[in-house]
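A quick write-up on the structure given underneath.
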Amino acid sequence: MALERLQALRGMVDLLPQQTMVWQQVEEQARQHFQRAGVGEIRTPLLEATALFARGIGEATDVVGKEMYSFRDRGQRSCTLRPEGTASVVRAAIQHGLLGQGPQRLWYMGPMFRYERPQAGRQRQFHQIGLELLAIANERSDVEAMAMAWDLLDDLGIQGLQLQINTLGTPEDRRCYREQLVGWLEQRMDQLDPDSQQRLATNPLRILDSKNQATQDLLKEAPQLLGTLGKESRGRFERVCQLLQALDIPFVIQPQLVRGLDYYTHTAFEITSDQLGAQATVCGGGRYDGLVAMLGGPPTAGMGWAMGIERLVLLLGQQSRTTAPQVVVLNRGDAAQERALVLARQLRRANLRVELDLSGATFARQFKRADRLGGRLAVIIGEQEAQAGAVKLKWLHQAPHPGSEMSRREEWTVSDRDLCRTVERLLAGEHQAEPTPV
RNA sequence: GCGGGCGUCGCCAAGUGGUUAAGGCAGCGGCUUGUGGCGCCGCCAUUCGGGGGUUCGAAUCCCCUCGCUCGCCCCA
């Protein structure tokens, strides 16, 4: 057998320069949004004790039950690559006593890991941008958080999104509803699909977002969570809806929207796109007032969301491009090559985007390449120029003058000393102020 | 974990049992020993993801295996 091909592990992807351009744009936009909103960045380790996620997310969830990227380290500790950000952020907040210091607004960005079969919009290592508001319990914070997600997506120019919201009420509301639902469904066991039958025992609320059509039809008759909510929970939800309206953010109430994670209370929401294939969710989040206490901290309110950067980038389309150089330095001959290295550096230090041709090829080739790169101005250094302490300048990539036979355009000689100044002036558009030929 | 599709040069891609595996892009060399976007010429897969089998003969048929991809479950 031939040499085994070395390649990235399944579900792990490389981002090449063409793609990182879009990523940088997304990341920069997020940073600015959070900065304007007074949200501080938090960075936590990628690797955590498995217990953090098992306790925080819930043993019955898929994320913990079958998707964790876990292994033992050399000390035989069970470690897990974080499958999501919230548990780590809360852990850090508790560990460093942030919760004693009043409300915390935190954001994060980075890779998450879930051991699943990859498909469109899903990888084993993927990236999220997330927001967490801690120790802020009122419903205005729910709306502020959702608005920040919505506006970020909007400013990125993503179209056709839908905000879906629901409420899960308090843990008591949920428990009460669960009993009702289970009781109702048990009578109709035979009408449920096999998956849902199984969930009846493990996580009955999630039967609500079953994709099985027969089950969905059956559920139309089932008791509704909204109907069993306590007065306070219902009032809270109505207030959230009202505030969203005040901010002109369109939304739809989605009673079957049940987040997969255990710690959610009250507001749950998702922002979806119909352009993403099977993985429609761009951003998901909600309130998690129970989580901090569950992880050993003081009872503390929490609200947060996470968006998947890969999915954002998919929605932004193939607008990938690289930034073309402003100047390309062509050179041939020993002395010239050395000058080129020096001058290219000088130009870069003057803040110009400069491509230095290192091929040693003929000028003809170097020009071809310079044009293909989309460069604007060529700096040409040959033996003669190197000797004279000068370079030649010539416009690249310009259409020949119509009606004239000027397929070869002029070039000017400039001394090394004047190079930066001249190049800057030319690129600034002062084509008139051409350097005087030497 | 379970289904469907696919795997021929760095990229795109023809070929579906018969002697040397099209073509395009990119790359390299030349026409033009220092001047470009075009053009022309030449070079660029003893080999078709890997292994085994059928056959006089396989990239083409069969089996196994690996990988990619889309979907289910669930989520970002």
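In what follows, chains are A, B, ... by sequence order, proteins preceding strands, each numbered from 1.
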Touch check for [X], heavy atoms < 4.0 angstrom, all strands: base, sugar-phosphate only, or nothing?
{"X": "A/E385", "result": "base"}
{"X": "A/R332", "result": "sugar-phosphate"}
{"X": "A/G382", "result": "base"}
{"X": "A/E116", "result": "base"}
{"X": "A/I380", "result": "base"}
{"X": "A/Q366", "result": "nothing"}

Between the protein and nucleotides 29-31 of chain B, list the N/O to N/O atom pairs that are separated by less than 3.5 angstrom.
{"residue": "B/rG29", "atom": "N7", "partner": "A/R365", "partner atom": "NH2", "Å": "3.3"}

Would you please name every residue forming a ring-ring contact (aromatic ring centres under 6.0 Å, His included) with A/Y115, sequence neighbours left out?
A/Y69
Assert: residue with more 5' nearest nucleotide on RNA chain B, out of A/I381 and A/A280, is A/I381
Identify, with sequence neighbours excluded, every residue that meets salt bridge (Lys or Arg N to Asp or Glu O under 4.0 Å) alongside A/R421.
A/D418
Could I get the full list of salt bridge (Lys or Arg N to Asp or Glu O under 4.0 Å) partners for A/D357, not counting sequence neighbours?
A/R369
From B/rG34, B/rU35, B/rC70, pick the nucleotide closest to the side chain of A/A364?
B/rU35
Which residues share a side-chain contact (heavy atoms from CB on, under 4.5 Å) with A/E186, sequence neighbours left out
A/V182, A/L200
Residues passing the side-chain contact (heavy atoms from CB on, under 4.5 Å) test with A/P111, sequence neighbours excluded, are A/L46, A/R82, A/F113, A/Q125, A/H127
